[in-house]
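Read through the structure below, which is laid out as structure tokens, and then see the notes.
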There are 2 protein chains.
Amino acid sequence: MHDVARVAGVSIKTVSNVINDYPHIRASTRQRVLDAIDELGYIPNVAARNLRSGRTGAIGLIMPDLRHPYFAELADDVMRAAARHGLVVLIEQLTGDRQQEIEVLRGWRPRATDGVLYSVLNLTQDDVGMLDVPVPLVLLGDRIFNGPTDHVTIQNTEGARAATEHLIALGRRRLLVLGAHEREVVGSAGLRLEGYRQALRGAGIPYRDELVSYVDRWHRADGAAAMRGMLARGVEFDGVVAFNDSLALGAMRVLQDAGRRVPDDVALIGFDDVDETRYSQPTLSTVDPGRAEIAERAVEMLVERMGPGGKDLPPREVPARFKVVPRESTTVRHL
Amino acid sequence: MHDVARVAGVSIKTVSNVINDYPHIRASTRQRVLDAIDELGYIPNVAARNLRSGRTGAIGLIMPDLRHPYFAELADDVMRAAARHGLVVLIEQLTGDRQQEIEVLRGWRPRATDGVLYSVLNLTQDDVGMLDVPVPLVLLGDRIFNGPTDHVTIQNTEGARAATEHLIALGRRRLLVLGAHEREVVGSAGLRLEGYRQALRGAGIPYRDELVSYVDRWHRADGAAAMRGMLARGVEFDGVVAFNDSLALGAMRVLQDAGRRVPDDVALIGFDDVDETRYSQPTLSTVDPGRAEIAERAVEMLVERMGPGGKDLPPREVPARFKVVPRESTTVRHL
DNA sequence: GGGATGGTTTTCAACGTTGTAGACTGACGG
DNA sequence: CCGTCAGTCTACAACGTTGAAAACCATCCC
């Protein structure tokens, strides 16, 4: 920067002003500085800028690992949205371990960014205190309500309810659930289960616990294992509400191995609308939770909070628009 | 840090020394400092540290977007490997635009990290000059050879050849190729095509251009479209070598829609061994290019280069071990 | 002509840390 | 008793940038 200043014949502060688009600069001066920058191939030192200005130009994204297609696609959406605001995204993966999650929040990373997007996983209402971090924070997803922060929520209950109603509309009555979590109430699993129950209630179908499969993790392998367990126990069912697409796809595979036709014998619906659902055999009906909108809004809200006066905004909660996406796995062929 | 020093009754430099594990510190002093740090909840300022020390603790990962399951899984592997070395990963996505790719390399991001992992996409041998960046660089994948940098390579030719031979061993002779790139020689597509040709040659099967489907991008949708095109043209084939799993899965879906049985009518093999291949219907045979090993080795090599004397190491090229993973899409059922 | 005005540029200090070099301390050998 | 030495600790400056405030400089108006 000193070199640039010397070449352009100005002070380093003027170079700084040019770089930062300070308005009151004579056009000719600006041009001389820009030329000098070009000539010398000068690139600002990020660390020094961060140190002096207190902002890093980066936001953190704390989420479960990228192996989940949903989170990979969410990360992609977030990175694109952030790029539109000139921000870089630092991804921090959660292992599913509650202790690690708390350490991540308490750790230095949040302080190395201007703000944090946090796709909550293992924390509960009791952990609200944990969210009292010194940087702007926006939550994605579910779990903690009445927190001190902004929150872009997936409409878990409403979405699961709509998914379940979709199966009921096909005439299915014995509806398996994949992905429930024991004793959980405020997480995705708990909320989606509630949606399922609401739909049953609405249709006058009794809720039966034997149809609920408790699955901790939501990978394909878990869906496959859960379905194998159900089949082994000889449970009868003609529809499956899976709490995410991976579970649904893992389960579908097992169903087909067992000779059940999808959707004829068993109709199947997932949750998340990952790209993969468009290419499975059969294609998977699912609930689009509004992922792109979630990323977009979350970044926007974070940017607002990072801006001047952002600290004084009251906590906001924005529900994303969801919609049921019917595909082949719930489309009974006309024979 | 000043506060910590005051509370512990030492100079700030001693605090710094404790934090950085400087060996010559009296145990009692260290303890007093640690206690003070704890008491005050002190966290080092990353920007200041970066500025003073010249290192950022971050490495860049330049790659195509995370929507490709292969790259999402690779990013995950890289992040885990980096974490083991105490490094953070900054992901930069490529759009597929050659100009953007050059800008990314020329841009400030590489300079904001201690080193860069670069999963080459659109550059060719002619662009070797572009790689002359001021930070340590390790290439992942293919494309540029005899570059000035370290290079962890996928065994594209050998892998594709083994995949093709796998189909030939099943007795298939009319082998479709999905994912070739026009006139390309040194990229994944070119190298994999070469492997395909080698396998045909080895088996005395003539190479026929009508069986080669040129597909620019390698998403599921592209595989589906390519396969639709082939079917529309009435090309006859009994096996498909797809240059990645997404292409294969997209194509498989179209094949099944068209009433072709996989693998009975058409055997199908992909490339990458993404998780999804284990759950498709039927499961997809593929080539495991050694992704975990690639991430691991690449980070290791980058760390070596970032260390003292790293600049003087000669460029190294490490081929990853690959292996064919046979699954149902190439396992003819015994009827 | 002098002061007010507003655009343009500069000076100065500071952000929080670490590298360098040196100061202090006690133990030890001569 | 002094010099040496290893082990500990500290003073100081510097990393490259930007915020605050002041200086400069035309222009304009009374």
Side-chain angles (χ1 to χ4, degrees), chain A residues 1-37 40-58 86 88 108-114 134-135 306-308, chain B residues 1-37 40-58 86 88 108-114 134-135 306-308:
Chain A
M1 190 148 159
H2 286 87
D3 296 345
V4 172
R6 195 159 14 78
V7 170
V10 296
S11 75
I12 60 165
K13 182 65 227 219
T14 299
V15 177
S16 167
N17 284 340
V18 169
I19 292 171
N20 293 289
D21 287 324
Y22 180 72
H24 302 303
I25 303 178
R26 199 174 305 152
S28 63
T29 309
R30 185 197 315 280
Q31 198 50 56
R32 254 185 308 137
V33 171
L34 291 177
D35 289 347
I37 287 176
L40 300 174
Y42 164 76
I43 292 187
N45 178 306
V46 189
R49 176 182 296 195
N50 294 353
L51 174 59
R52 180 60 239 230
S53 69
R55 40 192 78 211
T56 65
V88 178
W108 55 272
R109 195 71 57 73
R111 254 149 277 201
T113 55
D114 297 337
V135 291
M306 283 160 29
Chain B
M1 189 146 156
H2 286 87
D3 296 344
V4 173
R6 196 162 12 78
V7 169
V10 296
S11 75
I12 60 164
K13 181 64 225 222
T14 297
V15 177
S16 168
N17 285 339
V18 168
I19 292 170
N20 293 288
D21 287 325
Y22 178 72
H24 301 303
I25 303 177
R26 200 173 303 152
S28 64
T29 310
R30 185 196 315 280
Q31 198 49 55
R32 254 184 309 140
V33 171
L34 291 177
D35 289 348
I37 288 176
L40 299 174
Y42 163 75
I43 292 188
N45 178 304
V46 188
R49 177 182 294 199
N50 294 352
L51 175 58
R52 181 60 239 229
S53 69
R55 36 192 81 216
T56 64
V88 178
W108 57 272
R109 196 70 58 73
R111 254 149 279 201
T113 56
D114 297 337
V135 290
M306 283 159 31

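Keep in mind that the numbers below use all heavy atoms, side chains included, and drop hydrogens, waters and symmetry copies. Letters A, B, ... mirror the listed sequences (proteins, then strands); counts begin at 1. Every value quoted in this text rests on a predicted model; they were computed, and no experiment measured them.
- A donor and an acceptor atom never sit less than 3.5 Å apart when one is taken from the side chain of Arg49(A) and the other from the base of dT17(D).
- If you find the closest nucleotide of DNA chain D to Arg52(B) and to His2(A), the one lying nearer the 5' end belongs to Arg52(B).
- In this structure, of dG16(C), dT18(D), dT17(D), it is dG16(C) that holds the atom nearest to the side chain of Ala48(B).
- Here Ile25(B) lies in heavy-atom contact (under 4.0 Å) with sugar-phosphate atoms only.
- Distances were taken from every side-chain heavy atom of His24(A) (C-beta onward) to each of dT18(D), dT8(C), dT18(C); the shortest belongs to dT8(C).
- Taking for each of Ile12(B) and Ser53(A) the nucleotide of DNA chain D with the nearest heavy atom, the 5'-most of the two is the partner of Ile12(B).
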Q | Letter per nucleotide, 5' to 3', of nucleotides 20-26 of chain C [B base touched, S only sugar-phosphate touched, - untouched; heavy atoms, 4.0 Å] | A | -------
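- With sequence neighbours left out, Arg55(A) forms a salt bridge (charged side-chain N to carboxylate O under 4.0 Å, His left out) with no residue at all.
- Comparing Asn17(B) and Arg32(A) by the nucleotide of DNA chain C that holds the closest heavy atom to each, the one mapping nearer the 5' end is Arg32(A).
- Every pair passing side-chain hydrogen bond (donor to acceptor under 3.5 Å, both in side chains) that includes a residue from residues 25-35 of chain B is listed here, sequence neighbours excluded: Gln31(B)-Asp35(B).
- Closest to the side chain of Asn45(B), from the set dT8(D), dT17(C), dT18(C), is dT17(C).
- Distance CZ (Arg6(B)) to C1' (dG16(C)): 15 Å, rounded to an integer number of Å.
- Of all nucleotides listed (dC9(D), dT17(C), dT9(C)), dC9(D) comes nearest to the side chain of Thr29(B).
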Q: Determine, stepwise, if the pair Ile37(B) / Ile19(B) fulfils side chain to side chain contact (heavy atoms under 4.5 Å, CB included).
A: CA-CA 10 Å; Ile37(B) 288 176; Ile19(B) 292 170; 4.1 Å; yes
